Protein chains: 2
Amino acid sequence: MSINQATIKYADLATALRVTADAGVQSIGLWREPVAEVGLRDAAKLVADSGLRVSSLCRGGFFTAVEGPERRRSLDDNRAAIEETATLAAAGADGSAAVLVLVAGGLPAGSTDLRGARERMRDAIAELEPEARASGVTLALEALHPMYAADRAVLSTLGQALDLADQFPVASVGVVVDTFHLWWDPQVLDQIARAGASGRIVSFQVCDWVTPLPQDVLLARGMMGDGHIDFAALTHAVDAAGYRGDVEVEIFNQAIWDAEPASVVARTVRAFADNVPLSDAPAENPPR
Amino acid sequence: MSINQATIKYADLATALRVTADAGVQSIGLWREPVAEVGLRDAAKLVADSGLRVSSLCRGGFFTAVEGPERRRSLDDNRAAIEETATLAAAGADGSAAVLVLVAGGLPAGSTDLRGARERMRDAIAELEPEARASGVTLALEALHPMYAADRAVLSTLGQALDLADQFPVASVGVVVDTFHLWWDPQVLDQIARAGASGRIVSFQVCDWVTPLPQDVLLARGMMGDGHIDFAALTHAVDAAGYRGDVEVEIFNQAIWDAEPASVVARTVRAFADNVPLSDAPAENPPR
């Protein structure tokens, strides 16, 4: 299990590393903003000193702008994120994964051209992939729940993510399997098997779907066991697909953010043990 | 174009029929609750006197309860809805469609067994289909947006709806194509073509996806043109698939509900003309 830093969003990097390690968790998924707060060099040192593995860096992406300065800024920012991913994974303990999680981006303001936005997402991956490959970083395409298709991510299903990933080398482009985003999909088990067969699963993230949705649907995620997701079915599918990397718990939830970080990590460890039935120890074998 | 009665939710049946006909709209999609308010016999007379076609009756469904009294009540209620559909379509003008729109239902309270809920939905359709066929009614399976998968509809994509419909006779089980629920789906155009080729499209409903989502996501629908949906692409696909039935505008939106019904219908007529590019007059040729 890995604690994704977003689950304890208000903790700074040093605190996040400390409470994670203190709880006996061996891995952490980092976010760029708290890394930037201390600077990449100091962040890498903190990570190295923590003894933790790094399971991923969140996040790059936002690829759907039409050609122009905004798009160039976004691509340059992704280039920086690729380098940060390589640096932080190198600083992490053995088994760290140089995986950069990517969120596609939504429709540009006023646009209804979903097809065009999806093409521009593809073009951005094509532009960045050689640079990721050169840095030993895997770009992790994350399909987000379709309720975010307009304003956050035009990549909406695991099948769509695999159709895109399959256009690129397996070492440099993979996919994220996130229970919150994918649990409803009638094709999800088949697509997880497909992703495993092609070696594309580079991140497995878990949290629950709770109802009613809160006013800000970005914060709709819940602790495993508090909602409607069948974690056994999805975990077994990911296990059977051959994924042996860290399993990140990533929860955007105001009440959880407002709680004391160490208590959140302790609660997360318990909920994970109760709800996510891994068939064997995944931590010793990074995804590739 | 047809006004789905939910767009002017607070109008009683007589008012809804009047403002629709007064606006020169020739068709209406009815809801069971306002029909029940006046009683089926009087409702049928009001419909006949209006001169309007009936494009559908909303709605039956809620099929996911485990076997027991709740499930039996739900199935009996659907039997009543089948009879209401036949009666109201017979009372409507030529070209009326005896189409009963079905919403699958969500997960039972406390359950995470999505697969089981989907199987029980299938079993309910199998139980009701012979009765629909005997009454000349088509059961219209409506895939709802995946954000409702937990609490409202375990039927989440058009492809899933077609996989289900294909198990039954084409005359008695079809599918609804609703822009709000399906616009994000990378497979939607292919699945619309598939639905047309198999003669399964029995209802086409339009409204827009607006952001940010309101606190109650059931009320997230917007007037065509106010949101992010590419109506041209979807309408052309439904046209090309051979659908020539009425196109219903169905909008759940508090501000629209709070407006005066006749003004809503007038606004709907304009938004439809501006945003939904039908290739020919659909009204003369009901779906079958």
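Here is the naming used below: chain letters follow the sequence lines, and residue numbers restart at 1 for every chain. Every value quoted in this text rests on a predicted model; they were computed, and no experiment measured them.
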| message | At a heavy-atom distance under 4.5 Å, which candidate from Gln215(A), Arg115(A), Gln187(A) has the highest pair count against chain B? | response | Gln215(A)
| field | Per-residue contact mode, Asp163(B) against chain A (heavy atom under 4.5 angstrom) | value | neither
| Under 4.5 Å from a heavy atom of chain B, the part of Asp185(A) involved | backbone
| Side chains of Asp151(B) and Leu107(B) in contact at under 4.5 Å (non-hydrogen atoms) | no
| Salt bridge between Lys9(A) and Asp258(A), side-chain N to carboxylate O under 4.0 Å? | no
| request: Ignoring hydrogens and angles, tell me if any N or O in the side chain of Arg152(B) forms a donor-acceptor pair with the backbone of Gly106(B) under 3.5 Å. | output: no
| field | Closest contact, heavy atoms only, Val154(A) versus Ala149(A) | value | CG1-O, 3.6 Å
| task | Pull out the residues in residues 139-146 of chain B that come under 4.5 Å of chain A, heavy atom to heavy atom, sorted by number. | result | His145(B), Pro146(B)
| field | Salt-bridge criterion met for Asp226(A) and Arg221(A) (N-O under 4.0 Å) | value | no
| request: Indicate yes or no: does Arg118(A) engage Asp113(A) in a salt bridge with an N to O separation below 4.0 Å. | output: no
| message | Taking Phe231(B)'s backbone N and O only, do any of them form a donor-acceptor pair with Thr235(B)'s side chain (distance below 3.5 Å, no angle check)? | response | yes
| query | chain B heavy atoms under 4.5 Å from Ile229(A): which part of the residue, side chain, backbone, both or neither? | reply | backbone
| Would you say the side-chain atoms of Asp208(A) pair up with the backbone N or O of Met224(A), donor to acceptor, closer than 3.5 Å? | no
